[in-house]
Amino acid sequence: MFAYAVRRILIGLAMLVVMTLITFLLFMNNTTASVLASCGKNCQPEQKAIIAKTLGYDDPVYVQWGKFLKGVVAGRNFPDDPALVADHPELVAHCPAPCLGYSFKNSNFVWDVMKDAMWVSISIAVVAFAIWIIIGVLLGIIAALKRGTWIDKVIVGVTLVIFAFPTFFIGQLLYVFLAIKTGWFAIPSYTPIADGGVFTWLGGVILPAITLAVFYMAGYVRMTRAFVLETSTEDYIRTAQAKGLSARAVIGKHTFRAALTPIVTMAGMDLALVLGGAPITESVFNFNGLGKLAVTATREFDLPINIGIVVFLSAFVILANVVVDIAYAFIDPRVSVK
Amino acid sequence: MSQSGPETTAAIESSADEVVPEAIRGRSPRELALIRFRRDKGSMISLGVVLLFLFVAVISPVLTKLKVFKPYTTNFPLLDIENGAIPKGNWGGISWAHPLGLTPGTGTDVLSRLMLGMTYSITIALLSAVLTVALGTALGIIAGTSGGWIDAIIGRIIDMTLSFPQTLMLLSLSSTLTVTLEQMGVPKGNFARGTYLILVLAVFGWPSFARIVRGQVLSLREREFVEAAHVFGASRWRIYFKEMLPNLWAPILVYFTLTMPAYVSAEAALSFLGVGVKTPTPTLGNTLSDSVNYYGSDLVYFFVPAVVLAAVVVSFNLLGDGLRDALDPKADR
């Protein structure tokens, strides 16, 4: 048991290191465009060399990767030049650990830029999650209980059709018709809870959250429906019915419990995914979350921001997987003996 | 098992023919699936619609070449230039010559752009779905059959690939990898952007399918025919592709059909974020991401591309569901 946990953590750490290396190889294999974007038109080769040096792109990729890892563990200086630190310490910015890099476009540390954006993404994700879980699972259960009737067909059909429209179209549709034209919803904008209270915050994020929820809801309706139908054919359900339990007790106590377990597992993974920002939803509603940050960084060739976001989110997923695996091993001892 | 099917049924038929005209004939799993599929009205309709879309995708470039329709020709006289270059007329410029109206700003014909866009969108989705399924099948079979350290390494690669935030990767990598592709000799511009989409969708798409295939292979490899192949001294590659692969065609077909619409949607989503094929070359995605800006002035143009794209996605999804139901009767509807 303990040995399993240790092994799982070690594998997780190894995966983290390899993941950062892959990220660097993918993003840093070509910095031509990034340098050009910082240099503008009529860029002379000497200028390019200077800019590449300032941005730290003149080192081989593995050296840059090494510096990045060192920064995460121990912090690092920008620019990383011992002579400059000795002569003009005021010109050098020290980025404390865990340092994810320095964005020259923003003149700020990547982590500081991300920290502001993160709360926006988390707000949308949490509200969206609540909406899609509650409505999705509820509709799925209703569809399964009314299997074959017109209610079932309408629920399944409508979710299928809505799901086929891209998120940005749904978002724009909701934005225009529910906020601008009818005024039923407040014009979406992000106000932190600390500034405007829970209701202002919720009113501001509700439309982006609905947009994001619609994307996931269809899957949950279908999944819940399938799981409920599957469990309702199990023998123990028939036993429960045979011993004279009311329909409500059979459904509530036996069918749903079994059907909900895989949904909860799935929901955890999806929540981890949306917490990392929704580039499309955030772009439609102009919310400055992690997703929108990535969109802007891509357009401006701001590679440190892109790398920072990718590394942070992948690390989050890897760690979540380690935690889930170990938790499962505690709950079900058969897991660790494989 | 499907290999022996036709011969045995043929043998039964020929010997039985002389005795009774209407002999009981065994049906192969493939025939049974086909019968189940034909019986389902929804599946047959979706198959028809999918075939229609594929047909449109094939003929559109020909029609463009023959100048039957002109997706690139601008029609400024038909636009209300003083009023934001919105098409004249009440319904987004719908007329006999332009059945789905005109594009605001340029006056190009919407119907022909959507038809040619279908060619590009479906080509991109098709190529990357083929790559996805091929990679997923090959690595899934190898992992599941070999076991041991090969399985462990492929498993870790799968975990690793899935741990990356997919949409963000597809988006952020475009800035550097498109340039790399161009430096590797891929023609600049839209060709490189399209190639990027195809490759990256496949690279981040195969792991989920490889997992499914691996699961199937794990149960297949305990079956007698694999054991028999081992006893005959069949090579590793023969077992992978002659013994395992023919038994996996059902999940491959279903997954492929469901991946197509996912990639058509992905192309649209990425197009909205500025990744992928750009105008004047039309795709369903870049037409739609242009049209969402006209919510205030041209509602016909706002809705038409979205409805067409949704129709493509829904028909492929229904076809995939129908295939799954037909091929795996135990799966719940």
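Just so it is clear: chains get the letters A, B, ... in the order the sequence lines come, proteins before strands, and each one is counted from 1.
Neither the backbone nor the side chain of A:Ala297 comes within contact range of chain B; no heavy atoms are under 4.5 Å apart. Neither the backbone nor the side chain of B:Thr178 comes within contact range of chain A, judged by heavy atoms closer than 4.5 Å. For A:Ile307, no part sits under 4.5 Å from any heavy atom of chain B, backbone or side chain. For A:Ile162, no part sits under 4.5 Å from any heavy atom of chain B, backbone or side chain. Heavy atoms closer than 4.5 Å to chain A are found nowhere in B:Ile157, neither backbone nor side chain. For a residue to count as touching a neighbouring chain, one of its non-hydrogen atoms must lie under 4.5 Å from one of that chain's; by this rule A:Phe316 does not touch chain B. Of the atoms belonging to B:Gln166, not a single heavy atom falls under 4.5 Å from chain A. Of the atoms belonging to B:Met160, heavy atoms from both backbone and side chain fall under 4.5 Å from chain A. Looking at B:Phe302, the atoms closer than 4.5 Å to chain A (heavy atoms on both sides) sit in the backbone and in the side chain alike.
Here the side chains of B:Phe272 and A:Val284 are in contact, with some heavy-atom distance below 4.5 Å. Using a 4.5 Å heavy-atom cutoff, the side chains of A:Leu160 and B:Leu318 are in contact. At least one side-chain heavy atom of B:Met169 sits less than 4.5 Å from a side-chain heavy atom of A:Leu26. Side-chain contact between A:Pro166 and B:Leu309: present, with at least one pair of heavy atoms (C-beta onward) separated by less than 4.5 Å. Considering only heavy atoms from C-beta on, A:Leu173 comes within 4.5 Å of B:Phe303 through its side chain. No side-chain heavy atom of B:Asp159 sits under 4.5 Å from any side-chain heavy atom of A:Asn321. Residues A:Phe168 and B:Leu288 are in side-chain contact: their nearest non-hydrogen atoms beyond the backbone lie under 4.5 Å apart.
Shown here for B:Ser174 and A:Thr298, the closest heavy-atom pair between the two residues is OG-CG2, 3.7 Å. Residues A:Ser314 and B:Phe164 approach most closely at OG-CD2, 3.3 Å, considering heavy atoms. The minimum heavy-atom distance between B:Pro165 and A:Val310, with the atom names listed, is CD-O, 4.3 Å. Between B:Val292 and A:Gln172 the shortest heavy-atom distance is O-NE2, 2.9 Å.
Residues satisfying the side-chain hydrogen bond (donor to acceptor under 3.5 Å, both in side chains) test with A:Arg8, not counting sequence neighbours, are A:Asp325.
Atom OG in B:Ser265 sits 11.0 Å away from atom CZ in A:Phe165 (nearest 0.5 Å). Here the OG1 atom belonging to B:Thr176 is positioned 9.0 Å from the CE atom belonging to A:Met28, to the nearest 0.5 angstrom. In this structure, OG1 on A:Thr23 lies 9.0 Å from CG on B:Leu173, to the nearest 0.5 angstrom. Rounding to the nearest 0.5 Å places CG of A:Leu303 at 5.5 Å from OG of B:Ser175. Between the CG atom of B:Leu273 and the NZ atom of A:Lys292 there is a distance of 11.5 Å, given to the nearest 0.5 Å.
Within a 6.0 Å sphere centred on CZ of B:Phe191, other residues, nucleotides and ligands contribute 12 heavy atoms or fewer. The neighbour count for B:Lys188 NZ, taken as heavy atoms of other residues, nucleotides or ligands under 6.0 Å away, does not exceed 12.
For the set B:Leu168, B:Thr167, B:Val264, the count of heavy-atom pairs under 4.5 angstrom toward chain A peaks at B:Leu168. No other option in B:Val314, B:Thr161, B:Leu171, B:Leu162 has as many heavy-atom pairs under 4.5 Å with chain A as B:Leu171. The candidate from B:Ala306, B:Ala266, B:Ala311 with the greatest count of non-hydrogen atom pairs under 4.5 Å with chain A is B:Ala306.
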